[in-house]
**Q** 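Here's a structure for you.
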Amino acid sequence: MLDIQLLRTHLTDVAARLAGRKYVLDTAAFEALEAERKRLQTRTQELQAQRNALSKQVGMLKGKGEDASAVLAQVAGLGDELKVSEAALAELLPRFDAFVSVIPNLPHESVPVGHDEAGNVEVLRWGSPRAFDFAVQDHVDVGAALGLDFETAAKISGARFSLLKGPMARLHRALAQFMLDVHTNEHGYTELYAPYLVNADSMFGTGQLPKFEEDLFKVPRADGTCLYLIPTAEVPVTNIVRDEILAADAVPLKFVCHTPCFRSEAGSYGRDTRGMIRQHQFDKVELVQVVKPEDSWAALEQLTGHAEAILQKLELPYRKVALCTGDMGFSAAKTYDLEVWLPAQNAYREISSCSNFEAFQARRMQARFRNEKNKPELVHTLNGSGLAVGRTLVAVLENFQNADGSVGIPVALRPYLGGIDTLIPAP
RNA sequence: GGAGGGGUGGCAGAGUGGUCGAAUGUACCUGACUCGAAAUCAGGCGAUGUCGCAAGGCAUCCGUGGGUUCGAAUCCCACCCCCUCCGCCA
């Protein structure tokens, strides 16, 4: 959520900056809502103040045993207008909130301006794509002989699910374990195990609700409420600090959490239908940081570096891309995507997304810390994939495939696979 | 699922219709004492919103949502959450 004071004082500036990310801010609608809010709120508070003063008089008179009927008659006259005014305000405020809560974050000044992914800017490339002396297969074909099974998953659940057996399941587990160990042992993150079902308040806090409900799996309950399956560990982990005032020395917080992620992928029916690039369920190791405002931009570089370290240790060529204004997510002030080289697609594909949300999520969550003046101040939040496990498995299969159908194991990963250096299809 | 207890400020914990946004303790901040620290003493110290150039004023907030009342932390209704015990259970 944006700072409402900023909207009031710099409305046209805000609208101009949001236009860069394809969001049309209806400034006339905002001004109308704001004018009405101001009128109703000041009038309501004025009437409440009168009522309170008169009621206090009643109390004092009765305390002294005197007659209060004159004051009671006076206060009775206020009642109707106060009720009307309170009701009108109660009707308006949710509409005001609804308007503000669907406005995306402002892009940081360093974010390249652009309309779509074509406007993204490559920051760096690491590693060189391997030269193959045989026809490369994609991960579906490489994985088929190693236990990657989409047909059975489709029977069990439907499209966009995968079933991993034997070596594939083991490799998947090894990747997640490896990532967790690196982030906890080398990067200083605290490992978490977190709920996979969260309430609507949590989804609002990180920005998935109210605007993106169709992307979520919703689980109704008998009592009429519902829970949501997390689309990323960002949601439960970041919401740890919702409605908290942290001590100054409690930040920064650095958490790493391995969870499955559930996305309905509404609106992407035709994309990446083959293989496990785009699934309804996938595992991810997520990095989350909660920091003081002055530290968040350094933290974004640091966190992105932590995700890059995984790719480097796994010897996977990748590039780092700064997303442009038109391609960023709703809550982000700036995002780096890490894209891994997939030889079968002859392209770099997203495997991590690292963002600084500044105070956007913190304001929705009311997540604060005590600053030097001992006053509550909004924290800044960041997160990034470190990495998406399923897509990492895809990358290993494609980049380390051999002509005979076997798949090499990156050296760093071998301890997690009992020391073997190659996955060999069963005869 | 059954029975009971409880949700009040950063934390602990009083408060059962009228200057109660709320005693007290603790934490924290400032000052005094001290070579310095601890201890002690004195003072300060909730959040959000709103109006205002400011000083400051006002409003709202005692789990959540309704209700009663001139007035609700306090009374009524519904719901949520937590704790203890029993049952069931990975």
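Each chain gets a letter, A, B and so on, in the order its sequence line appears, and its residues count up from 1.
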**Q** May I ask you to say what Leu54(A) touches in the nucleic acid, namely base, sugar-phosphate or nothing, with a heavy-atom cut-off under 4.0 Å?
**A** nothing
**Q** Give a yes/no on whether any side-chain N or O of Arg368(A) is located under 4.0 angstrom from OP1 or OP2 of U48(B).
**A** yes
**Q** Do Thr381(A) and Gln361(A) get their side chains close enough for a donor-acceptor pair, meaning under 3.5 Å?
**A** yes
**Q** With sequence neighbours left out, write down each residue that passes ring-ring contact (aromatic ring centres under 6.0 Å, His included) with Phe360(A), or none if nothing qualifies.
**A** Phe330(A)
**Q** Using the P atom as the reference point in each nucleotide, state the distance between G44(B) and U26(B) in Å, no decimals.
**A** 16 Å
**Q** Mind calculating the distance between NZ (Lys56(A)) and P (G17(B)) to the nearest angstrom?
**A** 19 Å
**Q** Given atom CG of Leu40(A) and atom C1' of C51(B), what is their separation to the nearest angstrom?
**A** 15 Å
**Q** How would you list, by chain and number, every residue that makes a side chain to side chain contact (heavy atoms under 4.5 Å, CB included) with Pro376(A), sequence neighbours excluded?
**A** Ile245(A), Arg368(A), Arg370(A)
**Q** Can you check the distance between G87(B) and C79(B), where both ends of the measurement are the C1' atom (answer in whole Å)?
**A** 25 Å
**Q** Using whole Å, what does the distance between atom C1' of nucleotide C29(B) and atom CG of Asn371(A) come to?
**A** 13 Å
**Q** Do the side-chain N or O atoms of Lys375(A) get closer than 4.0 angstrom to the phosphate oxygens (OP1, OP2) of A47(B)?
**A** yes
**Q** Pairs of donor and acceptor atoms involving the side chains of residues 68-78 of chain A, under 3.5 Å and at least two apart or interchain, shall be tabulated with distances.
**A**
residue	atom	partner	partner atom	Å
Ser69(A)	OG	Asp67(A)	OD1	3.1
Ser69(A)	OG	Asp67(A)	OD2	2.9

**Q** Can you check the Asp249(A) CG to C28(B) P distance for me, whole Å?
**A** 11 Å
**Q** Does a side-chain N or O from Gln57(A) land closer than 4.0 Å to OP1 or OP2 of G71(B), or not?
**A** no
**Q** If a protein heavy atom is under 4.0 Å from the base, mark B; if only from the sugar-phosphate, S; if neither, -; do that for nucleotides 59-69 of chain B going 5' to 3'.
**A** SS---------
**Q** Quick test of your reading: applying salt bridge (charged side-chain N to carboxylate O under 4.0 Å, His left out), list the pairs with at least one residue in residues 263-275 of chain A, sequence neighbours left out, ordered by first then second residue.
**A** Asp138(A)-Arg274(A), Asp141(A)-Arg274(A), Glu265(A)-Arg278(A), Asp272(A)-Arg278(A), Asp272(A)-Arg349(A)
**Q** Taking atom C1' in both C61(B) and A27(B), what distance in whole Å separates the two?
**A** 23 Å
**Q** Does either side chain, that of Ser331(A) or that of Asn105(A), offer a donor lying less than 3.5 Å from an acceptor on the other one?
**A** no
**Q** Would you mind classifying the nucleic acid contact of Arg8(A) as base, sugar-phosphate or nothing, using non-hydrogen atoms under 4.0 angstrom?
**A** sugar-phosphate
**Q** Looking at Asn383(A), Leu192(A), Leu287(A), which one forms a side chain to side chain contact (heavy atoms under 4.5 Å, CB included) with Cys257(A)?
**A** Leu192(A)
**Q** Of all the choices, C70(B), A47(B), C51(B), which nucleotide is nearest to the side chain of Arg37(A) once you look at every atom?
**A** C51(B)
**Q** Tell me which of Thr42(A) and Leu72(A) sits closer to the 5' end of RNA chain B, going by the nucleotide each one is nearest to.
**A** Thr42(A)
**Q** Which of these nucleotides, C70(B), G49(B), A47(B), is closest to any side-chain atom of Gln41(A)?
**A** G49(B)
**Q** Can you tell me how far C1' in U64(B) sits from the matching atom in C81(B), rounded to whole Å?
**A** 10 Å
**Q** Expressed in whole Å, how much space separates the C1' atoms belonging to A72(B) and G15(B)?
**A** 13 Å
**Q** Taking the C1' atom in each of A38(B) and U34(B), what is the distance between them to the nearest angstrom?
**A** 10 Å
**Q** Which value, in whole Å, describes the distance between the C1' atoms of nucleotides C88(B) and U8(B)?
**A** 36 Å
**Q** Applying side chain to side chain contact (heavy atoms under 4.5 Å, CB included), can you list everything that pairs with Leu92(A), at least two apart in sequence or on another chain?
**A** Leu33(A), Glu36(A), Arg37(A), Leu40(A), Arg95(A)
**Q** Report all side-chain donor-acceptor pairs from residues 414-426 of chain A shorter than 3.5 Å, counting only partners two or more places apart or in another chain.
**A**
residue	atom	partner	partner atom	Å
Arg414(A)	NE	Ile409(A)	O	2.9
Arg414(A)	NH2	Ile409(A)	O	3.0
Tyr416(A)	OH	Asp181(A)	OD2	2.7

**Q** With rounding to the closest Å, how many angstrom separate the P atoms on U74(B) and C62(B)?
**A** 8 Å
**Q** Give each stem of RNA chain B as a range with a range, requiring at least 3 consecutive Watson-Crick or G-U wobble pairs whose two distances are under 3.5 Å.
**A** B:1-7 with B:80-86, B:10-12 with B:24-26, B:28-32 with B:40-44, B:46-51 with B:56-61, B:63-67 with B:75-79
**Q** Whole angstrom is fine here: how far is it from CG in Asp243(A) over to C1' in G9(B)?
**A** 15 Å
**Q** Quick check for you: among U48(B), G52(B), G49(B), whose closest atom lies nearest to any side-chain atom of Lys38(A)?
**A** G52(B)
**Q** I'd like a table of donor-acceptor pairs (distance under 3.5 Å, sequence neighbours excluded) in which one partner is a side-chain atom from residues 164-176 of chain A, with atom names and distances.
**A**
residue	atom	partner	partner atom	Å
Lys165(A)	NZ	Asp149(A)	OD2	3.1

**Q** From CZ of Phe369(A) over to P of G10(B), roughly how many Å is that when rounded to an integer?
**A** 16 Å
**Q** Would you kindly give the CG-to-P distance between Leu61(A) and G71(B), to the nearest whole Å?
**A** 16 Å
**Q** Please state how far atom CE in Met365(A) lies from atom P in U48(B), giving the value in whole angstrom units.
**A** 16 Å
**Q** Are side-chain heavy atoms of Phe30(A) and Leu25(A) found at a separation under 4.5 Å?
**A** no
